[in-house]
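The structure displayed is predicted, hence computed values, not measured ones.
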Amino acid sequence: MNALPTACEVRPAVELLRVDNLQTEFRVEEGVVRAVNGVSYTVDEREIVGIVGESGCGKSVSQLSVMQLVRNPGRIVGGEVWFEGHNLLKYRASSPQMREIRGAKISMIFQEPMTSLNPVLTIGRQLTESLELHLGMTKKEARARAAELLDSVGIPSAQSRLDDYPHQFSGGMRQRVMIAIGVACRPKMVIADEPTTALDCTTQAQLLELMLSSIEGCQGALVLVTHNLGVVARYAHRIYIMYAGRIVEQGLCRDIFYRPRHPYTIGLLKSVPRLDEERGRRLVPIDGTPPNLIDLPPTCAFLPRCAVAGERCRLEPWPELEPIDGEGHMARCYMMEATGE
Amino acid sequence: MTTVPETTPPVSERAASTDVLLDIDCLKMHFPIRRGLLRRKVGEVKAVDGVTLKIRRGETLGLVGESGCGKTTVGRCISRLYTPTGGRICFDGVDITSMSEKEFRPLRRNISVIFQDPYASLDPRQSAGSIVGEPLKVHKLVENKRDYNDWVERLFVKVGLDPNLMSRFPHEFSGGQRQRIGIARALAGEPKLIICDEPVSALDVSIQAQIINLLMDLREGASGLGYIFIAHDLSVVKHFSDRIAVMYLGRIVEITTPGELYDNPLHPYTRALLSAVCVPDPDLEATRERIVLEGEVPSPVNPPSGCTFHARCVNAIPECSKTVPVLKDLGNDHEVACLRVG
Amino acid sequence: MNDVSTTPAVETIAAPRVNEWKRFLRVFFQRKLVIVGVAVILIWVLTAIFAPLIAPYDPNLQNLKENLQPPSSEHWVGTDNMGRDVFSRLVYGTRTALYVGFGTVIVSAIIGMILGLLAGYLGGVVNAIIMRIMDALMGFPMLILALLLAAVLGGGLQNVIIALSIATIPGYTRLMCAETLSVRENEYIMAQRAIGSKSFRTMVRHVLPNAFQPLLVLITTMIGNVILAEAGLSFIGIGIQPPGAAWGSMASAGIRDLGTLPWLCFAPSLAIAVVVFAFNMVGDGLRDALDPKLRGTL
Amino acid sequence: MTTYIIRRVLWGVVVLFIVSLIVFFSLRLIPGDPVQIWAGQQMGSGGSLSEEMLDQLRAKHGLDKPVPIQYLNWVKGIFQGDLGESIRYKDDVGTILKQRLPVTLVLGLVATVLSTVLGIFFGLVAAIRRGKWIDTLVTILSYVGLCIPVFLAAFILMYIFALKLRWLPFIGFELPWNNFGKSLRQGIMPIICLAVTPLAVTARQMRSSVLEVNNMDYVRTAWSKGLRERVVVTRHVLKNSLIPVITLLGISIGIIFGGSVIVEQVFNIPGMGRMLVDAIFQRDYVIIQGGTLVIAFMIVLVNLIVDISYGWFDPRIRYE
């Protein structure tokens, strides 16, 4: 049915992006929000990486930090982002080096298709501007290419729709345009921040397939940020689970789903109803609510909601990521003997 | 540690009786579109276009479909937030279709609503206790302040909230707690039917399970409490409902039990919908059929003729564009509206 | 891991109790100029109340022998062309400004609020009629409408208040109508209907309180605007009639001596500017402190 | 779009109709009729008039007819370009307006353009350089602009430039096509006075509007494409932030017309504002009536243009 690589397929890894100890914080009235609190991850060429977490866990902010698109009052306060041999955080947000990477080498697809396109500019203008900027195309060339791109993302009568405005498109269609903008300059990597969350089920399925084939077409890697475990199970090669600004577990797709070790990952998997299971299984929710990120205690942020917490968790600071069985499988927990059933 | 029944008992045991609580016949809700200088009616949004449904006492019906399919409108017609433009709704043997607001008001305590957005559905200037107690005041269910307080307190405990938080305001609660307040409000009038309009889709994954469990507990606790569970998330609906109705463009295309729906989906749209839902299981995902629908949902202003799904359907035959399929009972509690089936 | 009880666990953890009032005060006084504004308003109100104790002379006492004196220890801001003590007149001028400012705003805000609420909540024909009349009133510049009305009613404190009230009603009505429409869109209003609450109850208990805060901000800045407009009317000579002490008419009376005795013009004008500035500052502070967009953010 | 424009024009007509009702009937609330008042004034100045003469005058001005008929006649006259005749000046209101209106319009128009252009510019700069000294300066100046009475601005300018430095003429105004140099020198102070408040209002609105647009998702999208700041601002931010600002144009015109009443008084300029004030003092109804209607007409017209220009700024309205 599909020619896409199946998830979990092993491929030779050539590292494309390495994020090291990234820290981003927001200074607000009530204190400092450490939205991203020492996040490290890597993305290989042509790899699909899933970053999973609930709202407010820092998954979006970490991606915006990589692109240096974090807004006031957010500030990147530490860490390194290595891409093609350069540490991107060495460049100022508005520097020419950074601008050459944005949209050309790394592009981003945002969550809200209704608000991510400029309402007063035509679709054509919004598509051609990065083509003209990064690929040095003339207006005419860019327009022809834009029509091709629109056509390739499945927008009927693409040529004539170039002159339409975003409000004349449905949500799904706008997200198709966003995908076209995202892959316009054949980037090395696309960051998709909850690209389909705001859309309907069948549209989601359409668009995920479309996005993957488009990125496949330009041989790029994909960072898929989502809260939906099913989506990463279907598409991702490697997965990072985030909680309260940190990565709590990481590993290959199958390790995460079949051998989860962090209580949060386990909790997440048990708390979602699954389509394939018998009806009426009592869900096992994670107690309590996600923590307020202002002035977190040094102990594990999951502690108040954790079912297996022990004495050590209460006394010692948040543990480091420890390697477990499986390639690159790591988790941040003292109680892994208890979770390792 | 208490022992938990692994599965919910089937409807027959739970429900007080199996008679029909809600009988909807060919419900239509067409919203006029006004354009031009004089705001003349130039067309209609056929949000609901002939929905027929029966809900038994104490039963949970899941209503699933994509945005714009009319599922929310069905819910709002039943709770008479909209006055239907056609068809008939009988609640507990009484025809409520065209009752005036005044006539219907006393009945409102029997049908309550849980809304999607836990932030927008609670008045930010009202305390939690007063939000929950509002139906008691409106329907004059209590005689004095003490009864009122006791009642509200009981409701708080019932939905898992600390009664000491009664004087707090909505912004002091988390999303999940706010939804509990909304549920307590819905329970206040001791309704027979609660319409849950996407009650968990605005919540975090880890909180959704808490609310789903709560709703299931309430159903077990009160005999005869029925739900209409409106959602777009098929896995949640399947987990929660006794029967599921799949809607597409204002009509029900398939209606059956959760098990049948998963094992034996008959309508091509249901099949596409099922395949679009991802299961958190990589090995299973690698083998599942993926049906990617062509095109977009047509506009409910000018729905396609015949079967509204025919233009996107792989099985369509010329006949499909001419004849409107009706729901056919195939036995085994399975009805489907497709010319190519049965 | 399986300790799940059949009855839901009572959730005792709520977000830490947010002290709305404390939060409000903190944001409100964040800008130092707001403190200045509040102080100015306090001094102004106190001056108006205790004017007889503060003013060294009767503001209307004429002494033509000592007219047009420069500032001195006896007459702090000198005397005007009638020999009246300018400082005393400035002090009594606070009363005029206070009456006009608060009087007008109370009358127009109440009427405007009711009209706006009705227009927004009832919609349809009621909305069309009310809003079209408001549009028509807004077709006049505020000062010109006040001028027209003052011409009809004649001068004097009471008539100035009536004229300015009518001229400022549309602002409140429009805001209230827009607010009502947006509050009405909220699910909690629909929830009220679903419960069976009557329209009137919903309107008064749920729509009004939620639409009130932006109105409060408008009221504050409007006090300033109204004082400005009254000054304009009095300056032209249509507002407060002599010998009443109004800053606007004092300023216009001094214009002939602008080159030689500039304080006759500048002192009352500055008094107006300072009071209006104070209300603008407080209004902005209120807007920030009441802004729902800033509430509950991280 | 056509429907949108037609609807706006129709509403404009309805509003003007209500305006004319307000103007006409509110003035009839004044006790006594215009002729009597005029006669009273004549009496005061020594003249005496017989009752028959007054009746003749009433008949001449149509004041002997019932009030609704008077209104209809007035409106009929307006459509024929006849705003009535001043009893006092025995002159056609249209003729008086022809002398007065251009003066106010020239000053007002320049002040409008000045305040709008500068307001947008300063607001934009302040927002882009948020928190920098230029932002603080613009913010403070706009507060000052909001709170100073028009006459205070006039006093300050007059005191410095006319009385102390003697650079600019103290009073009066000549139309530019009569004597451009003189007109320019005379116009500077009144125009500044008129522009101060609307300039402050526009700058404030522009600043907050740019700040709001800056937070929009589509601006982030623009940044994510690697565009330079200048392009992001001019192409993606500017047009969107102008949408709420052009709404202010109607309000600015109102402030300017209101201000002209005072400015023309202070600088002794023979414009509409002075005319109205004089007419009010002399209770010359016909002039008050005609003058306010003309001003209201212009404000409704400007608001109409603003509404229609939304279509250019915002395609969502264009394709309604």
Heavy-atom proximity to chain B below 4.5 Å, by part of Val231(A)
both
Given a strict heavy-atom distance threshold of 4.5 Å, which part of Gln206(A) is in contact with chain B: side chain, backbone, both, or neither?
both
What's the spacing between His239(B) NE2 and Leu283(A) CG if we round to 0.5 Å?
3.5 Å
So, for Arg274(A) and Lys238(B), which heavy atoms are closest and what is the spacing to 0.1 Å?
O-NZ, 4.3 Å
What heavy-atom pair brings Pro273(A) and Ser235(B) nearest, and what distance separates the two atoms?
O-CB, 3.5 Å
Distance-minimising heavy-atom pair for Ala205(A) and Ala276(B):
CB-CB, 3.7 Å
Please answer whether the main-chain N or O of Gly288(A) pairs with a side-chain N or O of Gln210(B) as donor and acceptor at a distance below 3.5 Å.
yes
How close do Ser206(B) and Pro285(A) get, counting heavy atoms only, and between which atoms?
O-CB, 4.3 Å
Okay, Leu284(B) and chain A: the region with an atom under 4.5 Å from a heavy atom over there is both
Evaluate the side chain to side chain contact (heavy atoms under 4.5 Å, CB included) criterion for residues Leu275(A) and Arg288(B): first the C-alpha distance (whole Å), next the side-chain angles of each, then the deciding distance (0.1 Å), finally the verdict.
CA-CA 12 Å; Leu275(A) 198 59; Arg288(B) 279 183 74 204; 3.9 Å; yes
Closest heavy-atom pair, Glu66(B) versus Thr203(A), reported as atoms and distance to 0.1 Å, is OE2-N, 3.8 Å
Inter-residue atom distance Phe173(B).CZ - Thr289(A).OG1, 0.5 Å rounding:
12.0 Å
Can you tell me how far the SG atom of Cys69(B) sits from the CG atom of Asp200(A), to the nearest 0.5 Å?
8.0 Å
When you compare the side chain of Pro290(A) with that of Ile207(B), does any pair of heavy atoms fall below 4.5 Å?
yes
Portion of Gln208(B) that has a non-hydrogen atom of chain A nearer than 4.5 angstrom:
neither
So, taking the atom named CG in Asp281(B) and the one named CZ in Arg254(A), what distance separates them when rounded to the nearest 0.5 Å?
9.0 Å
Considering only heavy atoms, which portion of Ile211(B) lies under 4.5 Å from any heavy atom of chain A: side chain, backbone, both, or neither?
neither
Smallest separation among heavy atoms of Pro280(B) and Phe257(A), with atom names
O-CD2, 3.4 Å
Below 4.5 Å from any heavy atom of chain A, which atoms of Ile212(B) appear? Answer side chain, backbone, both or neither.
side chain
Test of understanding: with side chain to side chain contact (heavy atoms under 4.5 Å, CB included), list the residues that count as partners of Pro304(B), not counting sequence neighbours.
Leu249(B), Pro298(B), Thr308(B), His310(B)
Tell me, with the steps shown, if Tyr262(B) and Asp276(A) meet side chain to side chain contact (heavy atoms under 4.5 Å, CB included).
CA-CA 7 Å; Tyr262(B) 184 72; Asp276(A) 60 327; 3.2 Å; yes
Separation of Asp204(B) CG from His227(A) NE2 (nearest 0.5 Å)
8.5 Å
Interatomic distance, OG1@Thr202(A) vs CG@Leu274(B), rounded to 0.5 Å, equals 12.0 Å
Answer yes or no: is there an ion pair linking Asp217(B) with Arg282(A), defined by an N-O contact shorter than 4.0 Å?
yes
With a 4.5 angstrom heavy-atom cut-off, could you sort out which part of Thr257(B) is near chain A: side chain, backbone, both or neither?
neither
Identify which of Leu293(B), Val236(B), Val297(B), Leu234(B) forms the greatest number of heavy-atom pairs closer than 4.5 Å to chain A.
Leu293(B)
Contacts of Tyr264(A) meeting ring pair (Phe, Tyr, Trp, His ring centres under 6.0 Å) (sequence neighbours excluded), chain-then-number -> Tyr243(A), Phe302(A)
